[in-house]
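The structure presented is a predicted model; accordingly, all values stated were derived computationally and were not measured.
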Amino acid sequence: MIDEFAKDNLHGRLRRDLEALLWKLDGLSEYDARRPLTATGTNLLGLVKHVATVEARYFGEVFARPSPEPLARWQDYDGNDLWAAEDETRDEITEFYRRTWDHSDATINELSLDAPGHVPWWPEPYTNTNLFAVMVHVLGESNRHAGHADILREGLDGRTGMRPEHEQRIDEEARAAYCAKIEQAARSAAAIKA
C-alpha cells in the first residue's frame, strides 16, 4: 500500500513539474523561447527538449522499454538536446515532450517501484537500480529545470509561478518596492562587513 502511495505521489509531482515547464513557453515569441538567456546558453525551449530527452532515456532505455522517439546513443551525447536548431519547430519539440511523457507514464504505470533498471551512464556500483530511484532522480531533474525555466521566464516578462491558475497580475510598483528593500538590506550588510 505504501508503495502505491509513494509511486502515485512521485508520479503526480513529476507531472506537475512537467506541466509547469511546458507552461513557461506560453505566449512567448519564437525568439524568446529559443534565445540564450544565460552565459551558458540556457533557453526555455532547450529546457523542454532536454527534459524530454532525459525522460526518454530514464523511463525507456533504463527499463528496456526503448522510447519510440529517435535518440542518439547516450555515449554520443554532445549537448544538442539543450537547444533548438533552426529547423526544429516549437511544435515538434513540445510534441516530442508530450509523446515522451506518455511513454514515461506507461512505464511508471506498468512497473512496480522495485522493478529493476540499468543506468549505464551512472558510475559503479550504482548502475543497477530500480524504478523508485529513477523516479526520484528524474523528479529532481525536472524540478531543477522547471526552476530554471521559472527564473528565465521571470527575466523575460516578469511572469512567475508553477501554474496559470495561480498566476497573479504583476504589480510593478510593489515589485520595485520589494526589490528596493532587498537591495537596501544587501548594501547595509555589505557596509557593516567592510
Colleague: Under the 3.5 angstrom rule, does the side chain of K49 hit a backbone N or O of N80 as a donor-acceptor pair?
Modeller: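 Yes, because the side chain of K49 sits within donor-acceptor range (under 3.5 Å) of the backbone of N80.
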Colleague: Is there a side-chain contact between E141 and V51 in this structure, where contact means two heavy atoms from C-beta onward sitting under 4.5 Å apart?
Modeller: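 Side chain of E141 against side chain of V51, heavy atoms only: no contact under 4.5 Å found.
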Colleague: Going only through I, L, V, M, F, W and Y residues with side-chain contacts under 4.5 Å, is there a path from F63 to F132?
Modeller: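 Looking at the clustering, F132 is in the same group as F63.
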Colleague: State which residues pass side chain to side chain donor-acceptor pair (under 3.5 Å) with D81; sequence neighbours excluded, sorted by chain then number.
Modeller: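 Side chain to side chain donor-acceptor pair (under 3.5 Å) check on D81 returns H50, Y77.
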Colleague: Any chance you could lay out the side chain to side chain contact (heavy atoms under 4.5 Å, CB included) test for Y178 and I182, step after step, and finish with the verdict?
Modeller: CA-CA 6 Å; Y178 181 71; I182 296 169; 3.3 Å; yes
Colleague: Considering non-hydrogen atoms only, spot the tightest contact between T100 and A52 and give its length.
Modeller: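 Looking at all heavy atoms of both residues, the closest pair is CG2-O, 3.1 Å.
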Colleague: Taking it one step at a time, do T160 and R153 satisfy side chain to side chain contact (heavy atoms under 4.5 Å, CB included)?
Modeller: CA-CA 7 Å; T160 62; R153 183 64 190 252; over 6 Å; no
Colleague: Any sub-3.5 Å donor-acceptor pair from K24's side-chain atoms to A146's backbone N or O?
Modeller: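 Checking the backbone N and O of A146 against the side chain of K24, no donor-acceptor pair under 3.5 Å is found.
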Colleague: For R34 and A85, indicate whether the former's side chain and the latter's backbone hold a donor-acceptor pair under 3.5 Å.
Modeller: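 Between the backbone of A85 and the side chain of R34 there is a qualifying donor-acceptor contact (under 3.5 Å).
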Colleague: For H103 versus P66, what's the shortest heavy-atom pair and its separation?
Modeller: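 Closest approach of H103 to P66: NE2-O, 3.4 Å.
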Colleague: Could you check whether any side-chain heavy atom of V62 comes within less than 4.5 Å of a side-chain heavy atom of T107, counting everything from C-beta outward?
Modeller: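 Answer no - side chains too far apart.
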Colleague: Evaluate the side-chain proximity of T129 to H137: yes if any heavy-atom separation is below 4.5 Å, no if none is.
Modeller: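 No, too far: nothing below the 4.5 Å cut-off.
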Colleague: Any non-hydrogen side-chain atom of L45 less than 4.5 Å from a side-chain atom of E88?
Modeller: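 With C-beta onward as the side chain, the pair stays apart.
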Colleague: Would you say the side chains of D91 and T89 form a donor-acceptor pair under 3.5 Å?
Modeller: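 There is no such pair (donor and acceptor under 3.5 Å, judged by atom type) between the side chains of D91 and T89.
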Colleague: Enter the distance from E95:CD to E92:CD here, rounded to the nearest 0.5 Å.
Modeller: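 That separation rounds to 10.0 Å.
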Colleague: Which distance, rounded to the nearest 0.5 Å, do you find between the CG of L156 and the CD1 of I151?
Modeller: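 Separation between the atoms: 12.5 Å.
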Colleague: Are W122 and V54 connected in a single hydrophobic cluster, I mean Ile/Leu/Val/Met/Phe/Trp/Tyr linked by side-chain heavy atoms less than 4.5 Å apart?
Modeller: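 The answer is yes; both residues are in one hydrophobic cluster.
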Colleague: A quick test of your reading: do over 12 heavy atoms of other residues, nucleotides or ligands sit less than 6.0 Å from CZ of R175?
Modeller: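 Atom CZ in R175 is crowded, with more than 12 foreign heavy atoms closer than 6.0 Å.
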Colleague: Check for me, please, whether L111 and L139 land in the same ILVMFWY cluster - side-chain distances under 4.5 Å, paths through other members count.
Modeller: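 Shared cluster, yes.
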Colleague: Does a side-chain heavy-atom distance below 4.5 Å link S142 with L18?
Modeller: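 Heavy-atom side-chain distance check passes, below 4.5 Å.
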Colleague: Provide the closest heavy-atom pair for L82 versus N43 in the form atom of the first, atom of the second, distance.
Modeller: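 Nearest heavy atoms, L82 then N43: O-ND2, 3.1 Å.
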Colleague: With side chain to side chain contact (heavy atoms under 4.5 Å, CB included) as the test, would you mind laying out the steps for N130 and L113 before giving the verdict?
Modeller: CA-CA 7 Å; N130 60 32; L113 282 179; over 6 Å; no
Colleague: Enter the distance from D157:CG to L152:CG here, rounded to the nearest 0.5 Å.
Modeller: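 Taking CG in D157 and CG in L152, the distance rounds to 11.5 Å.
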Colleague: Just by distance, no angles: are the side chains of S104 and E55 close enough, under 3.5 Å, to form a donor-acceptor pair?
Modeller: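 Note: S104 and E55 side chains meet the donor-acceptor criterion.
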Colleague: So, for F59 and W101, is the gap between ring centers shorter than 6.0 Å?
Modeller: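 That pair fails the under 6.0 Å test.
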Colleague: Stepwise, does the side chain to side chain contact (heavy atoms under 4.5 Å, CB included) test hold for V48 with F96?
Modeller: CA-CA 9 Å; V48 170; F96 164 53; over 6 Å; no
Colleague: In the single-linkage hydrophobic clustering (I, L, V, M, F, W, Y; side-chain heavy atoms under 4.5 Å), do L21 and W23 co-cluster?
Modeller: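 Result: no, two separate clusters.
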Colleague: Would you check if L131 and M135 make a side-chain contact, meaning some heavy-atom pair closer than 4.5 Å?
Modeller: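 Yes - at least one pair of side-chain heavy atoms lies under 4.5 Å apart.
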Colleague: Would you call the rings of H148 and H145 parallel, tilted or perpendicular if under 30° counts as parallel and over 60° as perpendicular?
Modeller: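 Tilted, since the angle between the ring planes falls between 30° and 60°.
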Colleague: For T127, what residues pass the side chain to side chain donor-acceptor pair (under 3.5 Å) criterion, not counting sequence neighbours?
Modeller: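 Partners of T127 by the side chain to side chain donor-acceptor pair (under 3.5 Å) criterion, ordered by chain and then number, come out as E124.
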Colleague: Report yes if the side chains of L37 and D32 come closer than 4.5 Å at any heavy-atom pair, otherwise no.
Modeller: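 No, their side chains stay 4.5 Å or more apart.
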Colleague: Hydrophobic clustering (ILVMFWY, side-chain heavy atoms < 4.5 Å, transitive) - are L47 and L71 grouped together?
Modeller: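 No, L71 and L47 fall in different hydrophobic clusters.
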Colleague: Should R13 and D17 count as an ion pair when the cut-off is N to O under 4.0 Å?
Modeller: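 Salt bridge between R13 and D17, a charged N being under 4.0 Å from a carboxylate O: no.
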Colleague: Flag yes if more than 12 heavy atoms outside E172 fall under 6.0 Å of its CD atom; otherwise flag no.
Modeller: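 Correct, the count exceeds 12.
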Colleague: How long is the gap from OG on S112 to CD1 on I108, to the nearest 0.5 Å?
Modeller: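 Answer rounded to 0.5 Å: 12.5 Å.
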Colleague: Can you give me the closest heavy-atom contact between L14 and V138, atom names plus distance?
Modeller: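 Where L14 meets V138 most closely, the heavy atoms are CD1-CG1, 3.9 Å.
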Colleague: Run the salt-bridge test on E19 and R15 with the 4.0 Å N-O cut-off and return the result as yes or no.
Modeller: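 The answer is no: the pair does not qualify as a salt bridge.
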Colleague: Which atom names give the shortest non-hydrogen contact between A84 and I93, and what distance separates them?
Modeller: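 Between these two residues, the closest heavy atoms are CB-CD1, 3.5 Å.
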Colleague: Can you give me the closest heavy-atom contact between D26 and R159, atom names plus distance?
Modeller: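 What the structure gives for the nearest pair is O-NH1, 3.5 Å.
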Colleague: Report yes if the side chains of Y126 and V119 come closer than 4.5 Å at any heavy-atom pair, otherwise no.
Modeller: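 A side-chain contact is absent here, since even the closest heavy-atom pair is not under 4.5 Å.
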